[in-house]
Participant: 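Dropping a structure here in structure tokens format, bear with me for questions.
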Amino acid sequence: MNLLWQAVHVGIAVLGVAYLAFPARVHAFGFEFLRRSPSEESGESAAPVWLYRGIGALLVFIGVTGFV
């Protein structure tokens with residue numbers, strides 16, 4: 001069972017690194033409620049990118065602390 005938990009934490013950390021490295025790609029395939037509506041696309045905002053980077057940092061933190 002310990003090996004299973006380690007695999008889960010590695011998966012969480014890898015997902016977090018993906019969120020940190022490619023936030024725009026994750027945003028393209030992310031949840032619909034986190035995306036902006038087409039009428040709001042006239043003014044580009046970096047908020048969704050930073051939101052995904054924050055989620056990624058949190059996932060990496062969770063994954064790394066699982067090994068301790």
Participant: Connecting only ILVMFWY residues whose side-chain heavy atoms lie within less than 4.5 Å of each other, what is the rest of Trp50's hydrophobic cluster?
Facilitator: none
Participant: Are Leu20 and Val64 linked, directly or through other ILVMFWY residues, by side chains that come within less than 4.5 angstrom of each other?
Facilitator: yes
Participant: Look at the side-chain heavy atoms of Ile, Leu, Val, Met, Phe, Trp and Tyr, link any pair under 4.5 Å apart, and say whether Ile12 and Val17 land in one connected group.
Facilitator: no
Participant: For residues 55-63, please give each side-chain donor-acceptor pair under 3.5 Å, one per line with the distance, not counting sequence neighbours.
Facilitator:
none

